[in-house]
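Structure first, commentary second.
Order of the sequence lines sets the chain letters (A, B, ...), proteins ahead of strands, with each chain counted from 1.
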Number of protein chains: 2
Amino acid sequence: MSTEENTDLKTLLGALVSSGHRLTRLAATATDDQRSPAVWRTLSALSSYGPVRLGELARLSRVTQPTMTKIVRNLDDLDWIKRIVDVEDKRAWLIAATPKGLAALAEWRDTLASALLPHFSGLDAGDLAAMQRVVEILDERAALDGSAAFEGEIA
Amino acid sequence: MSTEENTDLKTLLGALVSSGHRLTRLAATATDDQRSPAVWRTLSALSSYGPVRLGELARLSRVTQPTMTKIVRNLDDLDWIKRIVDVEDKRAWLIAATPKGLAALAEWRDTLASALLPHFSGLDAGDLAAMQRVVEILDERAALDGSAAFEGEIA
DNA sequence: ACCATTGCATAGCCGGGCTATGTAAAATGG
DNA sequence: CCATTTTACATAGCCCGGCTATGCAATGGT
């Protein structure tokens with residue numbers, strides 16, 4: 001991979017992050033959403049990884065443990081997660097999404113996507129394919145396990 | 001556009017927003033960044049639109065005016081923006097990015113993108129093209145003017 | 001048994017979000 | 001011209017998600 005290609009990828013990555021920020025605000029204003037990205041991100045992680053320790057959930061979400069403690073307390077109040085005693089370690093909690101939480105996540109996605117639809121009308125099949133591919137790339141590369149595993153393979 | 005295609009686009013949009021959240025956290029942890037997405041988003045908007053009123057900047061960024069007042073005060077303290085008296089209206093300020101602010105934005109993008117590169121190694125030209133296209137779509141559709149203009153054209 | 005490490009909660013701070021309110025300037029209408 | 005309404009921004013207060021630092025209890029190692 002030449003320097004020029006690296007520069008192109010670099011430029012793209014910077015632009016992708018910026019565009020993502022913009023999309024985040026669009027998403028926040030497109031619906032009367034009372035919850036933050038952190039809530040959905042956390043529920044999404046629980047949905048993907050199943051019950052995990054609070055500290056591990058923090059790691060997966062790339063936030064510090066006290067931050068995750070706060071988020072989890074919030075989700076607990078909503079009955080969107082439940083705490084499970086980790087029988088192997090009395091210090092630890094396993095955090096699991098409840099059916100109510102998963103339903104809320106699904107509903108959020110649906111409501112949000114519906115609200116965003118008008119902003120993205122008129123895209124052709126090629127555009128959809130591009131979006132699909134980028135989602136795949138991000139899910140693979142921005143996920144902690146995926147990223148770590150990939151680096152392991154290269155190194 | 002059939003219902004099925006709408007469903008696919010809906011699913012994609014929801015996934016894209018989620019993936020974007022994940023990328024945001026990756027970006028936040030990939031660098032020792034002391035500034036938030038709001039700072040960069042605002043500087044980026046000023047870079048794109050040139051000097052605008054504080055209220056208009058809030059609108060462009062999809063946040064409320066008091067929020068933007070805070071962000072602008074922050075940027076002002078850093079000498080990354082300057083306030084310009086709007087000669088047409090004594091109540092209003094024009095907010096412009098300073099060269100120092102624009103340099104900081106460019107440096108952030110470079111530093112961030114460099115830090116992200118290892119996570120995204122091994123992508124092929126098709127992947128880059130997909131990312132390029134998605135950035136274009138988001139910039140066009142998530143931007144306030146672009147989105148509004150497009151809706152106007154359809155209606 | 002003792003000590004270091006680990007897991008989570010708490011404390012404190014900051015900034016970005018919001019709604020509500022206040023002040024001054026500008027626009028509007030009689 | 002003047003009273004009223006609207007507009008532009010600042011301030012206040014609240015909440016939440018970030019962080020670092022610290023505390024307490026459990027666990028692991030020697």
Side-chain angles (χ1 to χ4, degrees), chain A residues 21-45 51-78 80-96, chain B residues 21-45 51-78 80-96:
Chain A
H21 288 169
R22 210 168 292 137
L23 182 61
T24 296
R25 286 313 306 163
L26 174 60
T29 53
T31 62
D32 192 21
D33 191 6
Q34 309 299 316
R35 314 294 177 200
S36 71
V39 166
W40 307 121
R41 203 177 59 227
T42 304
L43 279 174
S44 184
V52 293
R53 285 191 179 175
L54 190 147
E56 179 64 11
L57 188 55
R59 204 177 68 87
L60 292 173
S61 302
R62 299 181 190 272
V63 297
T64 60
Q65 169 260 312
T67 299
M68 187 51 72
T69 297
K70 281 187 182 178
I71 297 173
V72 162
R73 182 189 305 143
N74 216 352
L75 291 169
D76 199 0
D77 290 346
L78 294 167
W80 285 1
I81 63 96
K82 63 185 168 186
R83 291 170 175 268
I84 305 168
V85 173
D86 189 338
V87 293
E88 299 187 354
D89 191 332
K90 284 199 163 56
R91 300 168 303 184
W93 294 101
L94 290 179
I95 311 293
Chain B
H21 290 167
R22 210 169 293 137
L23 181 61
T24 296
R25 286 311 307 163
L26 173 60
T29 53
T31 63
D32 192 22
D33 191 6
Q34 309 299 314
R35 315 295 177 199
S36 72
V39 165
W40 307 121
R41 203 177 60 227
T42 304
L43 279 174
S44 184
V52 293
R53 286 189 179 178
L54 191 148
E56 179 65 11
L57 188 55
R59 205 177 68 88
L60 291 172
S61 302
R62 299 183 190 270
V63 298
T64 60
Q65 168 263 313
T67 299
M68 187 49 73
T69 297
K70 281 189 184 177
I71 296 173
V72 162
R73 183 189 306 141
N74 217 353
L75 291 169
D76 200 359
D77 290 344
L78 294 166
W80 285 1
I81 63 97
K82 62 186 170 188
R83 289 169 176 270
I84 305 167
V85 172
D86 189 338
V87 295
E88 299 186 354
D89 192 331
K90 285 200 164 47
R91 302 168 304 182
W93 294 102
L94 290 179
I95 310 294

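Protein chain B touches strand DNA chain C; the 5'-most and 3'-most nucleotides with an atom under 4.0 angstrom of its non-hydrogen atoms are C/dG15 to C/dA26.
At its two ends the helix from C/dA1-D/dT30 to C/dG30-D/dC1 runs along axes set 10° apart, each axis drawn from five pairs and the angle rounded to 10°.
The distance between atom CD of A/Gln65 and atom P of D/dG18, rounded to the nearest whole Å, is 14 Å. The nearest whole Å value for the distance from the CZ atom in B/Arg59 to the C1' atom in D/dC9 is 16 Å. Between B/Ile71 atom CD1 and D/dC9 atom C1' there is a gap of 15 Å when expressed in whole angstrom units. Rounded to whole Å, atom C1' of D/dC19 lies 14 Å from atom CE of A/Met68. Taking atom CZ of residue B/Arg35 and atom P of nucleotide D/dC19, one finds them 16 Å apart after rounding to whole Å.
In terms of heavy-atom proximity, B/Ile95 sits nearest to B/Val72 at CD1-CG1, 3.9 Å.
Here B/Ala30 pairs with B/Ala115, B/Leu116 under the side-chain contact (heavy atoms from CB on, under 4.5 Å) rule; sequence neighbours left out. Not counting sequence neighbours, the partners of A/Ala28 by the side-chain contact (heavy atoms from CB on, under 4.5 Å) test are A/Arg25. B/Thr67 pairs by the side-chain hydrogen bond (donor to acceptor under 3.5 Å, both in side chains) definition with B/Thr64, not counting sequence neighbours. A/Ser61 pairs by the side-chain hydrogen bond (donor to acceptor under 3.5 Å, both in side chains) definition with nothing, not counting sequence neighbours. With sequence neighbours left out, the side-chain hydrogen bond (donor to acceptor under 3.5 Å, both in side chains) criterion links A/Thr24 to no other residue.
The structure places CE of A/Met68 at 4.0 Å from OG1 of A/Thr42, a figure rounded to the nearest 0.5 Å. Distance check: A/Leu23 CG to B/Arg62 CZ gives 9.5 Å after rounding to the nearest 0.5 Å. To the nearest 0.5 Å, the span separating NZ on A/Lys82 from CG on A/Leu94 amounts to 11.0 Å. Taking OG1 from A/Thr69 and CG from A/Asp76, the interatomic distance works out to 11.5 Å, rounded to the nearest 0.5 Å.
Contacts of residues 82-94 of chain A with DNA chain D (heavy atom under 4.0 Å): A/Asp89, A/Lys90, A/Arg91.
Within 4.0 Å (heavy atoms only), B/Val72 reaches no atom of the nucleic acid at all. Residue-level contact check: A/Ser36 touches the backbone only, with heavy atoms under 4.0 Å from sugar-phosphate atoms and none from bases. Across all strands, A/Arg25 comes closer than 4.0 Å only to sugar-phosphate atoms, never to a base (heavy-atom distances). Within 4.0 Å (heavy atoms only), B/Pro37 reaches no atom of the nucleic acid at all.
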For residues 86-93 of chain B, please give each side-chain donor-acceptor pair under 3.5 Å, one per line with the distance, not counting sequence neighbours.
{"residue": "B/Asp86", "atom": "OD1", "partner": "B/Glu88", "partner atom": "N", "Å": "3.0"}
{"residue": "B/Asp86", "atom": "OD2", "partner": "B/Arg53", "partner atom": "NE", "Å": "2.8"}
{"residue": "B/Asp86", "atom": "OD2", "partner": "B/Arg53", "partner atom": "NH2", "Å": "3.0"}
{"residue": "B/Asp89", "atom": "OD1", "partner": "B/Arg91", "partner atom": "N", "Å": "3.0"}
{"residue": "B/Asp89", "atom": "OD1", "partner": "B/Arg91", "partner atom": "NE", "Å": "3.0"}
{"residue": "B/Asp89", "atom": "OD2", "partner": "B/Arg91", "partner atom": "NE", "Å": "3.4"}
{"residue": "B/Asp89", "atom": "OD2", "partner": "B/Arg91", "partner atom": "NH2", "Å": "2.8"}

